[in-house]
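Step one of this worksheet: look at the structure below.
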Amino acid sequence: MDSALADEIKEFDENIFPGIVKYVGSVKKRAVEVVDAFKSGNWKGISLLAESHLKNIQFLLSDLKKKQSDLENFLNPEKESELESELVNLKNKETLSKNKEILEKCVKLLKNLHLNDLCRRSLDTSAITRKNSELINLAVIKQLEKGVNKELSDMGINHLKLKMSKEGSKGTLSHKLQLSNSTITDFDISMVLSEGEQRVVALASFLAELESSNNQNGIVFDDPVSSLDHKWREKIAKRFVQESKKRQVIIFTHDIVFLFALTKEADSNGISNIVQTVTKIGEKIGVCDSEVPWIALTVNRRIGKLRDMIQGAEKEYKEGEIENYQKEAEIIYGRLRTTWEKAVEEVLFLDVITRFTPEIHTKKLKNLVILKEDYYRIERGMSKCSIWLPGHDQPAAMNSPFPEPQELKSDVTELEVFVKELRNRSAINN
């Protein structure tokens with residue numbers, strides 16, 4: 001028996017291996033004894049064989065055949081797949097067993113997450129948003145869209161038609177303006193409209209929304225017509241005056257043309273209006289004056305302002321502050337000259353043509369009565385003012401004395417008398 005066979009037997013059954021070794025040893029010994037006996041002829045003393053363990057070997061053989069059969073079955077692909085699946089299952093069970101406590105915690109956590117998710121879904125506001133969207137669309141959006149387009153039409157933008165799309169999220173609803181005649185919707189209309197159109201659309205949207213409300217709260221506008229031309233100024237002025245019939249309207253503006261349009265429209269509709277000028281005087285900021293800026297004053301109000309200025313200048317004169325008096329007098333003559341110009345526009349030509357407005361009132365031409373003497377009086381009055389304007393240097397040879405307060409008053413009175421005569425003449429002719 002070679003060593004390989006011995007090792008195999010040991011591997012199969014360690015307990016029978018010593019007996020087999022003993023048996024094989026007794027066989028080898030007896031074989032030697034038989035050979036010797038054959039040679040000598042003495043057959044006495046031949047030893048007996050040890051126990052053969054044949055039954056154990058047959059049992060081992062039977063067991064090996066069974067294992068052989070099992071191994072042959074393992075070569076069957078279906079059986080192999082089944083065994084592999086079972087192996088995986090066993091390994092998984094082993095893993096589960098090792099991590100049982102962790103898995104129980106995970107299951108509990110997942111159950112809690114599921115319950116939390118059910119709670120969250122029960123609080124979902126999407127249904128509210130949908131219903132809100134439906135109600136808003138029926139009750140507000142369509143009316144607001146109609147109102148915006150009406151406001152735009154009233155302001156002179158007839159080429160632009162807008163529609164409103166609604167957007168909802170998390171229980172809130174908002175709307176977005178879009179071009180109604182455009183097939184493209186995913187763009188901002190500010191990319192298409194000019195700056196002026198955007199401002200008018202913003203005003204129209206605000207006024208349309210205001211129109212749909214039931215309140216009469218006051219409203220404030222800050223430079224509402226910046227970047228707009230005169231045609232829109234007048235339309236917006238009319239719209240603001242109409243709105244002022246329902247509520248207080250406060251408007252801040254730097255635009256004199258717009259101021260003229262507002263006051264004219266308010267006066268024609270019998271709407272009381274108060275004009276305040278906010279300016280900076282020296283280091284003081286935000287100084288309020290109940291008058292409009294000088295450029296916007298009528299002739300009569302300018303004459304009144306000139307008389308007030310003369311009183312201040314006269315005080316300087318009486319106190320001996322001649323230099324201060326002369327500075328104030330120069331300003332008075334400058335404003336007196338512009339008042340002569342305003343008188344030509346407002347009184348002599350009866351506002352047939354008015355600066356800062358596009359209209360020409362041709363019907364007023366029938367009331368015009370202009371005499372040659374008017375020209376001479378205007379020329380004389382404006383020339384007198386020009387002599388004493390700031391920046392005008394008189395020739396040294398003239399050496400004319402600076403007008404005293406009484407002469408200043410007389411020059412303003414001359415304009416006042418001229419204006420009264422023109423108004424009386426126009427009234428008689430009318």
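- Here the side chains of Arg307 and Gln311 are not in contact, with every heavy-atom distance at 4.5 Å or above.
- Comment: Arg199 does not engage Glu195 in a salt bridge, judged by the lack of any side-chain N to carboxylate O separation of less than 4.0 angstrom.
- With respect to Lys342 and Glu345, a salt bridge is recorded, a charged nitrogen being found less than 4.0 Å from a carboxylate O.
- The existence of a salt bridge linking Arg120 and Asp117 is confirmed by a sub-4.0 Å separation between a basic side-chain nitrogen and an acidic carboxylate oxygen.
- For the side-chain contact (heavy atoms from CB on, under 4.5 Å) test, residues two or more places apart in sequence or in another chain that qualify with Gln326 are Ile322, Phe402.
- For Glu341, the side-chain hydrogen bond (donor to acceptor under 3.5 Å, both in side chains) criterion is met by Arg337, not counting sequence neighbours.
- With sequence neighbours left out, the ring pair (Phe, Tyr, Trp, His ring centres under 6.0 Å) criterion links Phe221 to Phe206, Phe240.
- Val412 is not listed as a side-chain neighbour of Thr339, based on a closest heavy-atom distance of 4.5 Å or more.
- Salt bridge Arg425/Asp374: present, at least one basic N to carboxylate O contact under 4.0 Å.
- The two residues Val241 and Ile271 make their nearest non-hydrogen contact at CG1-CG1, 4.0 Å.
- No more than 12 heavy atoms of other residues, nucleotides or ligands shown are found within 6.0 angstrom of CD1 on Ile102.
- For CD of Glu373, the number of neighbouring non-hydrogen atoms (other residues, nucleotides, ligands) closer than 6.0 Å is greater than 12.
- Classification of Lys384 and Asp411 as a salt-bridged pair holds, one side-chain N sitting under 4.0 Å from a carboxylate O.
- Of the charged side-chain nitrogens involved, at least one lies within less than 4.0 Å of a carboxylate oxygen, so that Glu414 and Arg380 count as a salt-bridged pair.
- Contact check on Glu346 versus Arg423 returns a salt bridge, with a Lys/Arg side-chain nitrogen under 4.0 Å from an Asp/Glu carboxylate oxygen.
- For the pair Glu94 and Lys98, the salt-bridge criterion is met [side-chain N within less than 4.0 Å of a carboxylate O].
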